[in-house]
Amino acid sequence: MAITGHLIEFSLAEIFQFLEQGHKTGLLTVFEQPEPTTPKNQVHYIWFNQGRIVAAANRSDHHGLISIISHRGWLGDHAASRFAQQCGTKVPLGLYLKSQGILNAEQIKLLFYTQVMRRVCALFTLLDGWFHFDSKVILPMDEMTGLSAPATEVTLAGLRVLKDWSALESKLPDPLSTIVSVVEGKPHLHLNSTEWQIWEYTNGNETLLSIAKQLQKPIRQIQQIVFRLSVVGLIEDVPMVLSPVPDSTSKKAAAMGSDAIAPSSDNPIPPNAADNQASAPNQMSHSFLNNLMGFLKNKS
Amino acid sequence: MRLVVTGPVSAGKSTFIRSVSEIEVVDTDRRATDEAMLLKHKTTVAFDFGRLQFSPNMALHLYGTPGQSRFDFMWDILIHQAHAYILLVAAHRPQEFRYARRILTFMRRRSQAPVLIGLTHTDQPDPWDAENILIALGYLTDQHPPVIAVNPTQPESVAQSVMALIQQYCESQASVTQPSMR
């Protein structure tokens, strides 16, 4: 299934999170304009392998990596193209050139940084655009260095340097919400000091406003950091709840009686809801469930 | 029995409840815009209520959570009373997946009630398939709630999804009451 949409609705950060968590392989095409009629020089191609970014280019002729190598003066255009043909469909061009002793490990790293990190991070500045993910595309070995980066690592880097957040304004968490960790143990990504400080609050007990006050940072900065930690799959923002998780053995629950008839349509308040002293609901009887299922069967 | 219908704005929650309720659905969310009502019923506004009375002394109650984040506090009130809940997600609006995920994270922290994912608007252009929506909701393994396509405008489709949710409830109760095999 092809996945398409507008960046203003489903941001690049969210796309990357989806592609990484879904271990997707294929080609993400990003158009700088909201429609796919965008001029060719404003189209970007990012290849994914099992959720990791393996290559990126702003041209579709598979000469992106060759042109970077050539631009750096490490190989002539013709020679690089010849090697690209030799590397075939199984070995990434970067690795092939390394195996031939033409490039060393540091040069490959530099190539990957230029080709992927710098280029993809720049895409986070797009205010809108159109995207399309095609999972049927074969990975182009002549565009690949052999290195890869988790999509969320690129997101983290891209959002750290993002200055204009207007496109993501509507996605920023509510200042009155709180944060919880969604990973076991410590984060697997390298966090900076402020991100670590915020990570320490992932117990769901403080609002973002309170965190901002305690850290003496602007609330906007806290919201942006929470957003980026959220889209890289480390935390989630959730509404702040003042009451603790109710005790299911509460005496009040026992006194609630049957669930069969609860609120009337005049007063549709769940029992105990008004004073927020909620308790685990009573277990339903087999006869109730059987009657209900029989009734619904007739309606379906 | 109380079921909660939750999900982002325009996922079809109110329509879902209207389709199966035999009383006029109490839509307190609209009243919430009235300042006087807010003052008088501060914690009781902002959810939908429907009822299905299937015998003289037995009824199913359906509560719809508010989609707007300004009423997030209602989630907690409603979920603690729920025997089970269904999360409705519009399959063609990926921009809402994040909010749906937020709801799920919250509900799972506050309740162990069984959940069903109901995909709505699957007949609209460019809907996401169930597998990808589950990923977007944060379900990254085979361990995920059942997913069902539901058309909130069709009472029979809603009835089927409510049956699936009750089935989930029955299974969860069975697993709780099953004695240890040791």
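Every chain is numbered from 1 and lettered A, B, ... according to where its sequence line falls, protein lines coming before strand lines. Since the model is a prediction, treat every value here as computed from it, not as a measurement.
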- Apply the ring-ring contact (aromatic ring centres under 6.0 Å, His included) test between A:Phe16 and each candidate in A:Phe124, A:Phe133, A:Phe10; give the one that qualifies. A:Phe124
- Decide whether B:Thr6 and B:Thr65 meet the rule of one side-chain donor and one side-chain acceptor closer than 3.5 Å. yes
- Task: Verify the distance criterion only: is there a donor paired with an acceptor across the side chains of A:Glu169 and A:Ser166 at less than 3.5 Å?
- Result: no
- Item | Region of B:Ala113 that comes under 4.5 Å of a non-hydrogen atom in chain A | neither
- Which answer fits B:Leu52, side chain, backbone, both or neither, if we ask what part of it has an atom under 4.5 Å from a heavy atom of chain A? side chain
- Please list, in residue-number order, every residue in residues 229-236 of chain A that has a heavy atom less than 4.5 Å from any heavy atom of chain B; write 'none' if there are none. A:Ser230, A:Val231, A:Glu236
With only heavy atoms counted, which part of [X] is less than 4.5 Å from chain B, the side chain, the backbone, both or neither?
{"X": "A:Phe295", "result": "side chain"}
{"X": "A:Lys297", "result": "both"}
{"X": "A:Gln21", "result": "both"}

- Message: With a 4.0 Å cut-off on N to O distance, would you call B:Lys13 and B:Asp48 a salt bridge?
- Response: no
- Message: Check this for me: B:Gln112, atom CD, are more than 12 non-hydrogen atoms of other residues, nucleotides or ligands nearer than 6.0 Å?
- Response: no
- Message: Taking side-chain contact (heavy atoms from CB on, under 4.5 Å) as the criterion, tell me which of B:Ile148, B:Leu88, B:Val89 meets it with B:Leu119.
- Response: B:Val89
- Note on the structure: Most contact-rich option vs chain A, by heavy-atom pairs under 4.5 angstrom, among B:Glu156, B:Arg101, B:Gln160, is B:Arg101
- Task: Would you check if the side chain of B:Thr15 reaches a backbone N or O of B:Pro152 as a donor-acceptor pair within less than 3.5 Å?
- Result: no
- Note on the structure: In terms of heavy-atom contacts, A:Phe227 and A:Leu172 come closest through CB-CD2, 3.9 Å
- Query: Using the benzene-type ring in the case of Trp, are the ring centres of B:Tyr85 and B:Trp75 under 6.0 Å apart?
  - Reply: no
